[in-house]
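These notes concern the structure reproduced below.
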Amino acid sequence: MNSFIFIWIFIINIHIILTAPPSLTSFDDRVNELLAKMTDEEKAGQMTQITINLILKDPSKPWNEIEVDPEKLRIAIQDYKIGSILNAAETGAYGVSQWQDIITKVQDEAKKSRLSIPILYGIDSIHGANYIQNSVLFPQATGLAATFNTTLARELGKISAHQTRAAGITWSFHPQVDIGRQKLWSRLWETFGEDVKLVKDMGRAYMEGMQGDDLTSRETVAACLKHYVGYGLPLSGRDRTPAWIDDRHMLEYFLPPFEESVRAGAVSVMINSGEVNGIPGHANYHLLTEILKETYQFHGFTVSDWEDIIRLHTRDQTADTPKEAVRQSVMAGVDMSMVPFDYSFYNLTVECVKDGSIPKTRLDDAVRRILRVKYALGLFDGNNAWPDSSAVGTFNKPEYDATNRQAARQGITLLKNDNNLLPMSIDRITETNKLVITGPTANTLTSLNGGWTYTWQGTDEAIFPRNLTNNTIFGSFRARVGESKIGYYNASTFNTLLNTDALLNAVQQASYILVCLGEQAYTETPGNINDLTLDEAQLQLVELIKSRTSVPIITVLAEGRPRIIRRIVDLSSAIVMMYLPGMEGGRALVDVLFGDYNPSGRLPITYPKYNHHLSTYDYKWTEVKIGNAIDVEYEFGHGLSYTTFSYSDLSVPSRINWDDQIVITLNVRNNGSRQGDHSVLLYVSDIYRTITPPNKELKGYEKLSFAPSEQKSVRFTLSRHDLSFIGIDLTRQTEAGLFEVKVGNLAANFTLVGGNQPVTSTSSQSAGSASTNHLNYQQYFILFMNILLVLATIFI
């Protein structure tokens, strides 16, 4: 029996080793053979990415009338030898069959080129395949992070990849793993929040869902980490404006999520559109080449963001000519240019190669990286570069909407619930005592989805699928309780109060009052704001209602940023944070407010109370000592439930040797009569160290489901690496000493004993990930040890 077990383990391990996806460098023989045949012009073309507008007859036509212009397509591929195309035109998302027709024409033309190199088509599938009509539109990243559920993140990445690939598109510009610590920033909602571990884990899980274990599969796409790096901390809060991030801060907070996913197998990286410490992201040799490519051993390729190479000349003013901008960016480490409206990058790159300002070795390096990914995707093999016509029939699956709804439900965060007002009782809602719904986000889908929804800004609801128009908050409640029991009043836009007379009369007899506030859809520079405070008209709306009735107010927030609501917090009996919950957000809210789903979301960001007090949860001790204080509206990790959970029996060894694992256990009990999901968050505080420590850091979390009165044991295992930090010499290190563990209301100390040593970075621990290395030295070692195991079992 023992022999059988060992042999079975051996067979399983051999299967895992031999089916691991090949590393990108494993394609280098084929890549180098192709490179040797290519002219400098063909290489420059591979580095050039244009937008779809350049190959369309008329990009301004409605989405369903868009047509490829054969002559423009021929010019792009045969004359300029371009290697990549991106985007949908400004009029919005295309149907899956329409996409397949476009991609087929593109690849057919590429097949006619001298070397028949396929086109790599890229798209912003940000919260699902949002540039494909009738795709599943998930919660945006911050709402997904609120679930604290990496399994769910991986599944959403998988579904997004399936629907993107079904259209024939093999490359998606997601996930965003730049950490979100600037509350004003117009792309905060594209991040997984303010904590390093949460961003690392969620970003990696989503990326792994997208890429799967076989990039040649019709179910997967190449992921693109963005925006490398520091884009998410503009000092002014305005998009694409300077960030000032010292080296320690960069190494501690911003680089680790990129390193994590790069080591786990991400094949492309998009570059920061802004600047860090006076150096534009697209001209930063240290970050692009020395850190990303050399230190992290990244073998994929980097791609510029929209027009950002020419902006070294026109905006950043580090290059006195467009040609110098191209030279600076390529020599810094940019491999592909999202030009996107002309062929200037191609022409200038050829010039630079001819005059030697871009060495041919650097040209080959960039093209080699791009071709590796094309080979890894199987684009050179059979018909894999062309869409699969049968994928139209399997584009949508019933379980996708169920998964989407579950993601929205798990993310919704209950911030306040005075006197257990929620869940609502449906029996209290009658034709006499109606559920009154008002507010600018109550009857719009754009505010539930945000930017990157069928169009760039996501504001054109006219092109949303007609079958989804009733998925608004109002429409979802109407479907649940009936129109006769709901009073909907359009009493305010986002920034202007309208006639409120009918509303103020109705609220006096209401059973419940649902005030839906938040933001209209936006992203990037159009989303810049001067004040984080919620619009005055929306605050006044709540104040007016409260002045006319004692009926409790339920305030619902559909927003991409934590807009300051200090004036109305005490006026609201319940406050619910939806983030940008996606197309199932309205129905998910109904589920939560009626108690069909017990809310379990936790804030992945600190919710501020004041405009000039935008702290994060991991603040330093100096911020709360000697007269200073932290005063926020809601802390990171805050989130209420309709039941109560208690923690007990926290067990932490008091003394831990240098190389020992740190095993932490506790019991968690659901004390209520309702089933509930609950995320257990583990924090660790380093009490004394040579670099001032934060008050606490998230080091572990686990989401569990509890039946009424059920108790579960929770176990966390850490190592000294989890206690590390960036030291005075800018290396990652752990210091022996006193630490405190905090879980809920429990705390315990332990002492780490042993020598103070630098530790290897997170990346070196994950460098053996199955998704990055194929038969690398760790896998050979596992293979060798398994052979010894079997031989010992047989002969001893």
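When a residue number appears, it is its place in the shown sequence, counting from 1.
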How far does [atom1] of [X] sit from [atom2] of [Y], to the nearest 0.5 angstrom?
{"X": "L503", "Y": "L544", "atom1": "CG", "atom2": "CG", "answer": "8.5 Å"}
{"X": "L589", "Y": "F594", "atom1": "CG", "atom2": "CZ", "answer": "9.5 Å"}
{"X": "W63", "Y": "Y131", "atom1": "CH2", "atom2": "OH", "answer": "15.0 Å"}

Enclosure of E536 CD (heavy-atom neighbours >12, cutoff 6.0 Å): yes
Quick check: are there more than 12 heavy atoms from other residues, nucleotides or ligands sitting under 6.0 Å from NZ of K712? yes
I'd like to know if the side chain of [X] and the backbone of [Y] have a donor-acceptor N/O pair within less than 3.5 Å.
{"X": "S447", "Y": "E519", "answer": "yes"}
{"X": "N130", "Y": "H127", "answer": "yes"}
{"X": "Q211", "Y": "A223", "answer": "yes"}
{"X": "Q140", "Y": "P581", "answer": "no"}
{"X": "K158", "Y": "G212", "answer": "no"}

May I ask you to test the [X]-[Y] pair for a side-chain heavy-atom distance under 4.5 Å?
{"X": "E543", "Y": "K546", "answer": "no"}
{"X": "K183", "Y": "R561", "answer": "no"}
{"X": "P175", "Y": "L225", "answer": "yes"}
{"X": "F148", "Y": "L698", "answer": "yes"}
{"X": "F494", "Y": "Q538", "answer": "yes"}

Looking at [Y] and [X], is any side-chain nitrogen of the basic one under 4.0 Å from a carboxylate oxygen of the acidic one?
{"X": "E524", "Y": "R187", "answer": "yes"}
{"X": "E431", "Y": "K485", "answer": "no"}
{"X": "D401", "Y": "R405", "answer": "no"}
{"X": "K226", "Y": "D124", "answer": "yes"}
{"X": "R566", "Y": "E633", "answer": "no"}
{"X": "R409", "Y": "E584", "answer": "no"}

Evaluate the ring planes of Y206 and H174, with Trp represented by its six-membered ring, and classify them as parallel (under 30°), tilted (30 to 60°) or perpendicular (over 60°). perpendicular
Between F645 and H678, is the gap from one ring center to the other below 6.0 Å? yes
Quick one: do Y400 and H162 satisfy ring pair (Phe, Tyr, Trp, His ring centres under 6.0 Å)? Show the steps, please. CA-CA 11 Å; Y400 287 179; H162 162 77; 5.7 Å; yes
From N530, D535, D531, residue fulfilling side-chain hydrogen bond (donor to acceptor under 3.5 Å, both in side chains) relative to T533: D531
Going through the distances and angles, do H638 and Y607 end up as a ring pair (Phe, Tyr, Trp, His ring centres under 6.0 Å)? CA-CA 9 Å; H638 174 71; Y607 204 112; 10.0 Å; no
